[in-house]
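Naming convention: chains lettered A, B, ... in sequence-line order (proteins, then strands); numbering from 1 in each chain.
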Amino acid sequence: MDSYLKFRNVRGTKDLLPEEAELWRWVEEVIRKKMEDYNYQELRFPTFELTELFKKSTGEDTDIVQKEMFTFKDKGGRSLTLKPEGTPSVVRMYLQYGLYNRGILQKFYYIERMFRQEKPQRGRYREFRQFGAEAIGSPSPETDAELVRSALDIFNELNIHGIKLNINSIGCPKCREKFIREFKKFLCSRLDSLCNDCKRRYSTNPMRILDCKIDREKLIDVPVPLDYLCDDCRKHFSGFKERLGYLGINYSIDKHLVRGLDYYTKTVFEFTHSKLGTKDEVGGGGRYDGLIGFLGGDETPASGYAVGLDRLLLLSPQRKESRGIDVYVITLDKASDLTGWKLVNELRDSGFSADKDPLGRSMKAQFREADRQNAKWAIVIGEKEREGGSVQLKRMETGEQKEVPLNITTIKEELKC
RNA sequence: GUGAAUGUAGCUCAAUUUGGUAAGAGCACUGGACUGUGGCUCCAGAGGUUGGGGGUUCGAGGCCCCUCAUUCACCCCA
């Protein structure tokens, strides 16, 4: 074995060994099943999009667009970007294929890889996976509550407990305008005491100052969007809370919760878990009533969320389910080897998982292998069996063994017991 | 992107105060004891340029510099 390796997985990527891949597959199955129970349909979209799509939808002022995108040029000089989040692509597909023609309300989910160029940490990779759901066409808070419940339902199904839900409303462009005015008025006197990021945000994206951890204490008595909601937005928020209450979902209202993306309106929410350390977010989302119109479609209300699967997996209790094959065929000499190989393939054709040793190893080694593979049955073929046209069939767990005719139909019958 | 800690076999860890023989163990792997029956036990084998590069020194796994990776705290997202 080579002692020094030239190649490793690159920074911020994650390899999945068989055990881990199996866990992931299970998680993905749970998500698909649950989302389909809620009548959401799967969408798959490309790894990269025109850079412009993210600039326009995610927002020029967001950290994602400003410093975290993997952007490159193709040979035609077009600027492309590895998708850092899913909503822009979903909305693009919605518009590009006229999915609104399939009905006024369209509900989609996805499980996709995302890419962001950040300093990697545990549960935080440069290539990571998210599942997300988007409901396009419903202005109702019922839809927001449905989305939240679908996520909680999935967490529950995955045996993940202790996830907290924080909610807030940041209003619509109309009430936000009033809020921003008051907010800036309040801040301008104490601008000097804020951190540098907040000073910059003051002109580019003032609402995000609320989210600042450094200045949080200084901002206790600051105006918050919730206090400036217009009638419509206020009604919407109480409708949302009412629905959550009806579903028996616990939540806390975090008046400073604003989310990092530009397109949110009204409802915003996030899922957190204390086990994840200071960066405790598992997922989040909200309503984006303006985005579809902004991207050139008709004004269409929409709502959605995304959950980081790598983080979810950190919270998932590790299941130790020893998988095994049905049959391991052991052969004792050259001639039996060919018989055995034929039998293995017949077993596979009959729907059993089967394998044998191709290395001509000793019987002991082959039995050890059968054991390691967690085989339910071992079939031994040697000279004696060949002469009698039979095989030895051994149940590995109990050790009991009997001789049966070498005949796939009979063997199949025996394996069913 | 900023700051800090860590890096010894596939995995988990040793290597005696300030640097001193040819870097060890357990698990896992391969083979044997048991030449036609796995797990248990015992024995043996294989596996390391001590993350990589440079420097100091008679001598470096341990000290210094650089670099890479991981983890943690920031920024911020999932």
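Comparing A:E397 and A:R129 by the nucleotide of RNA chain B whose heavy atom lies nearest to each, the residue mapping closer to the 5' end is A:E397. Each of A:G12 and A:F271 has a nearest nucleotide on RNA chain B; the 5'-most of these lies closest to A:G12.
Note: A:F240 and A:F269 have tilted aromatic rings, judged against thresholds of 30 and 60 degrees for the angle between ring planes.
For A:A365, whose side chain is taken as the heavy atoms from C-beta onward, the closest listed nucleotide among B:G31, B:G1, B:A78 is B:G31. Closest contact between the side chain of A:R8 and the listed nucleotides B:U37, B:A69, B:A78 involves B:A69. The side chain of A:K119 approaches B:A73 more closely than any other nucleotide in the set B:G38, B:A78, B:A73.
Checked by distance alone, A:Q392 brings no side-chain donor or acceptor within 3.5 Å of a matching partner on the base of B:U37. With hydrogens and angles left out, the side chain of A:E270 and the base of B:A78 share no donor-acceptor pair within 3.5 Å. For A:E385 against B:G36, a side-chain N or O and a base N or O form a donor-acceptor pair under 3.5 Å. Remark: the A:K394 side chain and the B:U37 base include a donor-acceptor N/O pair separated by less than 3.5 Å.
Looking at heavy-atom distances under 4.0 Å, A:Q401 makes contact with a base. Residue contacts shown for A:R208 are limited to sugar-phosphate atoms, with no base heavy atom under 4.0 Å away. Heavy atoms of A:R122 sit under 4.0 angstrom from primed sugar atoms or phosphate atoms, though from no base atom. Among the atoms of the strands shown, none is found under 4.0 Å from any heavy atom of A:E85. Among the heavy atoms of the strands, none lies under 4.0 Å from A:G132.
Pairing partner, B:C74: B:G1, with both Watson-Crick or wobble hydrogen-bond distances short of 3.5 Å. Taking a pair to require two hydrogen-bonding distances under 3.5 Å in either a Watson-Crick or a G-U wobble arrangement, B:U37 remains unpaired. Base pairing of B:C63: its partner is B:G55, meeting the Watson-Crick or G-U wobble criterion (both donor-acceptor distances under 3.5 Å). Nucleotide B:U6 has B:A69 as its partner under the Watson-Crick or G-U criteria, with both atom distances under 3.5 Å. Base pairing analysis places B:U12 opposite B:A25; the two distances defining the Watson-Crick or G-U wobble pair are each below 3.5 Å. Under the Watson-Crick or G-U wobble criterion, with both distances below 3.5 Å, B:U18 is left unpaired in every strand shown. The pairing partner recorded for B:U50 is none, the criterion being a Watson-Crick or G-U wobble arrangement whose two distances lie under 3.5 angstrom.
Salt-bridge check for A:K356 with A:D337: passed, with a basic side-chain N closer than 4.0 Å to an acidic carboxylate O. A:E413 has a carboxylate O that lies under 4.0 Å from a charged side-chain N of A:K416, or vice versa, which qualifies the two as a salt bridge. Salt-bridge annotation for A:K164 and A:D254: absent, with no side-chain N of the basic residue lying under 4.0 Å from a carboxylate O of the acidic one.
Nucleotides B:G26 and B:A46 are separated by 15 Å at their P atoms, to the nearest Å. B:U17 and B:G53 have their P atoms separated by 27 Å, given to the nearest Å.
Regarding contacts with the backbone of B:A78, every side-chain N or O of A:R113 stays at 4.0 angstrom or more from both OP1 and OP2. The side chain of A:R368 contributes no N or O atom lying less than 4.0 Å from OP1 or OP2 of B:U37. In terms of phosphate contacts, A:R259 brings a side-chain nitrogen or oxygen within less than 4.0 Å of OP1 or OP2 of B:A78. For A:Q121 and B:A73, the shortest distance from a side-chain N or O to OP1 or OP2 is below 4.0 Å. Phosphate proximity of B:U30 to A:R361: present, with a side-chain N or O under 4.0 Å from OP1 or OP2. Of the side-chain N and O atoms in A:R11, one or more sit less than 4.0 angstrom from OP1 or OP2 of B:A69. For A:R124, no side-chain nitrogen or oxygen approaches OP1 or OP2 of B:A78 to under 4.0 Å.
Between A:D63 atom CG and B:G1 atom P the separation is 15 Å, expressed in whole Å. Taking atom NZ of A:K164 as the reference point, atom C1' of B:A78 lies 18 Å away to the nearest angstrom.
The cationic atom of A:K56 (NZ for Lys, CZ for Arg) lies less than 6.0 Å from the six-membered ring centre of A:F294 and within 45° of the ring axis.
Minimum heavy-atom separation, A:R176 to A:G171: NH2-O, 3.3 Å.
Glycosidic torsion of B:G52 falls outside 90° of 0, placing the base in anti.
A:Y109 has its ring centre no less than 6.0 Å from the ring centre of A:Y38.
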